[in-house]
Every structure is written in C-alpha cells, then in structure tokens.
Amino acid sequence: MALGEFDIIRRYFSDIVAADEDIICGVGDDAAVIAIDAERALVVAADTCVIGVHFPLQTPAYAIGFKSLAVNLSDMAAMGVQPRWCTLALNLPPQYRQADWLAEFQRGFATLAKQHAVSLIGGDTCGADQLSVTVQIIGIARSDQIVYRSGAKPGDAIYVSGELGTAAFALRRLQAEADLPDTVLDSLYQPQPQVTTGQSLAGKVHAMIDISDGLLADLQHILNASGVGAIIDAEAIPANPLLRQQLGEAELWQCLLAGGDDYQLCFTTDLPEAELGTAVHKIGEITADKGLQITKKDGTQLTPTEYGYQHF
Ligand code: ADP
Ligand code: MG
C-alpha cells in the first residue's frame, strides 16, 4: 500500500539533520527557522503545485501563477513573517512553453509578488511530462516574533481569520459545470494570503497555522504539536452566505470543516479579542483533553469521519 504524505515525511525525511545549533525549527511547521544572529532568523518554506492534483486541468494560466506564489506566502503568514524573496522551479510540458500561457502565468505570479514586495531571485526551468510549479519562499524576522504550531495552551480561544469553505464550494461548482459568481471563483483561483494579518498577530498569539488542507486537518497539526485538544463550535465558523443557501447540511459541514485551499489563518490565544487588533472569528477553545470535538448549538456533535476527515 502506498504510504501517506505525513508517514513519508516522518519516516524518511525528518532525520537528515547535522548537529547544528542554528536550526531553531526544522521539519514539521509551516516553515523552517534558522538563526542568523541572536535576534534574527531566516524563515524558509517550499510548496509544489501540480496540474491535475492542486489545479483542475482547465485552470487559467494567470491563476496558476498567482496561486503557486499565494500558497507559499500563506506559509509565511502562518509564521507571522514578512516574505521577502522567492525562487521558482518550473517543469513545463511543451504545451505550456508557449508565449500566451507563459505571459499570463507571469502576470499572475508578478501581480501577487508586487502586492507583497516579494522578489524572484532564482529558480530552475526544465521540460517534463506534467506541469508542476515549485516555489521556495524566504523571509527574515525577529526570532521572538515567530509563531509556531506548538504553543497552544488549554483555555486559549481558537480563531480563524476569515470565511472558510468557499474554495471547496467553488471547486464543486466548477466540477458540476454550474455557474458561480466571480468573487467565489476568485477564492479558488486567487486566494489572498493573510500576510498582513499574520504579522499583526505575531507576539499576540500562542500558535498559528494556515488552512491549506481543511480546518480539521490543519487545526489537528496545532493540537498534535501542542499536546492539547479542542472543542469547535461548528456554527461559529464564518461562511459565505451562498454556501448556506446552496449546500445541503452534510455538504456545508464538509466544505467548512474539511474543505481545503482557503488560506485563512487559524490561531490560538489567551488575549481578549479586542486586543488582537484585526477582524477575526472565534470558533472554539483549546482543551487539556486531547480529543477534537465539533459541537452544534443544539448540543449535538458532528463526527468528523463522516465529513471527509479520512481523506487526510
Ligand atoms: P504545509 O501544508 O504548511 O505546506 P506540509 O504539510 O506540506 O506543510 O509539510 C509539513 C512539514 O513537512 C513541513 O515542515 C515541510 O517543510 C515538511 N516536508 C514536507 N515534505 C518534505 C520533504 N520531502 N523533506 C523534508 N521535509 C518535508
Ligand atoms: Mg502551511
């Protein structure tokens, strides 16, 4: 049987480490952190996007360019760090080595890079059977401002930075060839990484992650890294009203709890909401008990296994 993603990482790639005191954080968080000096650290992450895996085949070139950088900026946001530089490795089949496609890809990538003042400083370009785009992102931060997955404490409130499930909803509509508003399509094709929010929360929150795989899967990474559990109030999860109007109950919960590709932030803190200084949504609480419970106002519990949790 093929091994799962996290099994592979844990079994084969977590241990290739020299005796190196400058590694503050290696494999296992949204980015690695390497000490530069007593005050500052380099923060590095890489993400690959593969056509047919991360993008439906019909995805426009602009969206592929935009999103391949966005997912990396999102990992910097999750550490509370300002991204500065990136590298770009392209595997291009012949049909993508065309001026029209490349100009649109470049426009998507450059638009987002400009928005966040990120410079492209290197990379690699080669032929391949399948389109894949790997971006490595690098930032510098004060070491004491960097936020990890591992700091959540019992009693912390759990927040998300914005609406969840919209990208998963858009993908369903696309696959069903149904109409959908541009704003909803944008959440799939042009997700806005929460870099400013992430940085403004640095120093105020105990643990943070970006929601790339789905709320439950990503929150579980915080819970595992912190040795805690959580109770989520399902009805407190912010959603685009269209989802509540157009989805049945089971599909709605699946999009909100397990829909990937949102790139909002999920974080925990003991500060009052008013002191966070940015608009956020409280969705639950960290518990000493290690389980993850999802409750509704009527007191019933949602069972994650019924809602796509097993896909992770
Ligand atoms: P994210 O979803 O935040 O991009 P991933 O789930 O892709 O993070 O990866 C989880 C962790 O495993 C990260 O710390 C990442 O750097 C690390 N990782 C993933 N693949 C590899 C690999 N092949 N070798 C070493 N580390 C890896
Ligand atoms: Mg991440």
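Both ligands and their constituent atoms are indexed starting at 1 by order of listing.
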Examine distances only and state if a side-chain atom of [X] and a backbone atom of [Y] form a donor-acceptor pair shorter than 3.5 Å.
| X | Y | answer |
| --- | --- | --- |
| Gln264 | Gly162 | yes |
| Asp218 | Gly214 | yes |
| Asp30 | Ile209 | no |
| Ser68 | Cys49 | no |

Answer key: the N, O or S atom of Asp30 nearest to the Mg ion (ligand 2) is OD1
Any idea which N/O/S atom from Asp210 gets closest to the Mg ion (ligand 2)?
OD1
Under 4.0 Å between a side-chain nitrogen and a carboxylate oxygen: does that hold for Asp37 and Arg40?
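Looking at Arg40 together with Asp37, the answer is yes, because their closest N to O distance falls below 4.0 Å.
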Collect the protein residues that have a non-hydrogen atom under 4.0 Å from ligand 1 and hand them over in chain and number order.
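Glu5, Phe6, Ile9, Phe13, Val27, Gly28, Asp29, Asp30, Asp47, Asp75, Arg149, Ser212.
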Checking only N/O/S atoms, does Asp75 have one that is under 2.8 Å from the Mg ion (ligand 2)?
yes
Can you classify the ring geometry of Phe267 versus Tyr159 as parallel (below 30°), tilted (30 to 60°) or perpendicular (above 60°)?
parallel
Qualifying ring-ring contact (aromatic ring centres under 6.0 Å, His included) pairs with a residue from residues 183-225, counting only residues at least two apart or across chains
Phe6-His221
